[in-house]
Amino acid sequence: MNRPVRVRFAPSPTGPLHIGGVRTALYNYLFARHNGGKMILRIEDTDSQRFVPGAEDYIIESLKWCGIEIDEGVGVGGPHAPYRQSERREIYLKYALQLVDAGWAYYAFDTPEELDAIRKEYEAEGKTFAYNFEVRGKLATSLALSADEVRTRIDRGDQWVIRFKMPENETVEMHDLIRGDVAVNTSTLDDKVLYKSADALPTYHLANIVDDRLMEVSHVIRGEEWLPSLPLHYLLYRAFGWTDVQPEFAHLPLLLKPTGGGKLSKRDGDKMGFPVFPLYWVSPTTGETAHGYREDGYFPEAFINMLALLGWNPGTEQEIFSMQELIDAFSLDRVSKSGARFQPDKAKWFNAQYMHRKSDAELAALYQPVLREHGIDVSDEIAGRVAGIMKERATFIGDFWDLTSFFFVAPTEYDEKQTKKYWKGQNPAILAELREVLAGIDDFSLENTERIVHAWIEEKGYGMGQVMNTLRLALVGAGKGPGMYDVTSFIGREECLRRIDALIANVKPLE
Ligand code: GLU
């Protein structure tokens, strides 16, 4: 069936969006863009018990940060507005009643206490209670009670729910775009609640199917945890008489723990020190906080690139993809059936790759706020030059200060290991000689200084490593940093001399 591609990301605002949810949104987005379709954001907030304030804003901000654009939905509007299910509440009852009238659903009047009591009785006999074809004719349902009794109960305001009447012993044959054909016998399934009079709200299943239909969704791309609901969803489409416009389904593999076993959880992140959420989160109820990729210094492009490859592969060796390249390459038939193991080191690797690819100007813009925090006021040109020299060694912008502070401020202390190794023997005297050589160089450019110093070292027969490491101790204060002449040419002759003088004056040689 050829129809316009319309997909939706349909999160429930029950807390911060897990990176598995971001990946679901991303695959929906890539699929929509690849096929010239539309991406819808629908907020599924019919479960008032699990509603968490702030979660919806968090979802929207996360998608924005990731560059996942919404064409229709909450925050954007569109022809099927509203897109927040709690604002669509009056739509759903009609559909629930339609199923009752057609014999696909029934009223059930059991109170939670009654259901609890039945559950306990079953447990006492070592059995598990399921609300299904075996019991629905014996409990307080419109299948067991007379029509008059049902009417009376409803009219006097008893609470009721509408349950789906799952057919008995039927094989539902389904197709999933990732998993292929799947079949389930309905006798293994229970009669799910579709609507509750208590809060006049539908449950997930009813609202989800009705909205997918009304919003003309063509493909449902969602997490594997919804696969067990697929038979019910197929049957709902049949019950409503909508099979000809039923969407196609694709259930995405789980994101697994770095160790491989089980679903990736916040606790894995806490234990191993990586975020499982896109943005920093503070729970409005408990005050509990969670790390986010954004605040931990990841570039959104790197985060998205990493997520895209967790469960999908392009069929080539290419690893670095821009969003546009992902859109061009993405297809559901390259999504794997098996879970994708999350690798924290790989996330860092992606960030470093994007760091290396950034221009000096981009890096300057990111580094300037850090420099200002340290009281360093330099031009963008200088900030960019320093960042450009060091970007190959940085994973996060947060690494820069440690990697480059010596460009801006003279060392005030000296690394112990480097000092022990080089600040002894002839080296202090050689450094004093080198000071005079440097003092005599007028053109202090990188190339000229390098040429003159090297010629001098050769002429004197000194060890190259010995001289350069001693100079590094003076200029950087440690054994780290870029090529020595990157430093000399950047800080200039007078500052070089000052730093050499400071080391000679302040640190007593070891032997
Ligand atoms: N509200 C569901 C969730 O939070 C949506 C599942 C679906 O996409 O059908 O995951």
TODO: Consider only side-chain N and O atoms of Asp268 and Ser265, and report whether a donor and an acceptor are under 3.5 Å apart.
DONE: yes

Task: Basic-acidic side-chain contact under 4.0 Å: Asp190, Lys192 - done: yes

TODO: For the residue pair Leu41 and Tyr83, establish whether any side-chain heavy-atom pair is separated by less than 4.5 Å.
DONE: no

TODO: Scan side-chain atoms only and decide if Asp211 and Tyr92 contain a donor-acceptor pair under the 3.5 Å cut-off.
DONE: yes

- [ ] Inspect the surroundings of NZ in Lys348 and state if more than 12 heavy atoms from other residues, nucleotides or ligands are less than 6.0 Å away.
- [x] no

TODO: Establish, yes or no, whether the cationic atom of Arg163 lies under 6.0 Å from the six-membered ring centre of Tyr131 and within 45° of the ring axis.
DONE: yes

Open item on the list: Quick check on Asp377: does its CG atom have over 12 non-hydrogen neighbours (other residues, nucleotides or ligands) under 6.0 Å away?
Closed with: no

Task: NE2 (His291) with more than 12 external heavy atoms under 6.0 Å - done: no

Open item on the list: Under 3.5 Å, is there a donor on one side chain and an acceptor on the other for Thr14 and Ser12?
Closed with: no

- [ ] First locate atom CZ of Arg334, then atom CG of Asn313, and finally report the distance between them rounded to the nearest 0.5 Å.
- [x] 5.0 Å

Open item on the list: Between Arg42 and Asp212 (salt bridge meaning N to carboxylate O under 4.0 Å), is one present in this structure?
Closed with: yes

Task: Sub-4.5 Å side-chain heavy-atom contact between Phe249 and Tyr234 - done: yes

Open item on the list: Quick one: does any side-chain atom of Arg23 pair with a main-chain N or O of Leu310 as donor and acceptor, under 3.5 Å?
Closed with: yes

TODO: In plain terms, say whether Glu319 and Lys346 are close enough for a salt bridge, that is, a side-chain N and a carboxylate O under 4.0 Å apart.
DONE: yes

Open item on the list: Ignoring hydrogens and geometry beyond distance, is a side-chain donor-acceptor pair present between Asn305 and Tyr354 at under 3.5 Å?
Closed with: yes

Task: Ser146 side chain to Glu149 side chain, donor-acceptor N/O pair below 3.5 angstrom - done: no

Task: Pair Glu301 + Lys358: basic N to acidic O under 4.0 Å - done: yes

Task: Whether Thr171 side chain and Val184 backbone form a donor-acceptor pair below 3.5 Å - done: no

Task: Residues Lys196 and Asp199 bridged, charged N to O under 4.0 Å - done: yes

Open item on the list: If the condition is salt bridge (Lys or Arg N to Asp or Glu O under 4.0 Å), which residues does Arg33 pass it with, not counting sequence neighbours?
Closed with: Glu69, Asp71

Open item on the list: Please check if the number of heavy atoms outside Arg156 that lie under 6.0 Å from its CZ is greater than 12.
Closed with: yes

Task: Side-chain ion pair, Arg84 and Glu87, N-O less than 4.0 Å - done: yes

Open item on the list: Whether Arg6 and Glu72 form a salt bridge (side-chain N of Lys/Arg under 4.0 Å from carboxylate O of Asp/Glu) is what I want to check.
Closed with: yes

Open item on the list: When you compare the side chain of Leu264 with that of Val276, does any pair of heavy atoms fall below 4.5 Å?
Closed with: yes

Open item on the list: Could you tell me if Ser86 and Asp45 have a donor-acceptor pair between their side chains, going purely by distance under 3.5 Å?
Closed with: yes

Open item on the list: Is it the case that atom CZ in Arg89 sees more than 12 heavy atoms from other parts of the structure closer than 6.0 Å?
Closed with: yes

Task: Donor on one side chain, acceptor on other, His251 and Arg222, under 3.5 Å - done: yes

Task: Lys/Arg N to Asp/Glu carboxylate O, Glu288 vs Lys266, below 4.0 Å - done: yes

Open item on the list: Is the terminal nitrogen or CZ of Arg213 (NZ for Lys, CZ for Arg) located under 6.0 angstrom from the six-membered ring centre of Trp242 and within 45° of that ring's axis?
Closed with: yes

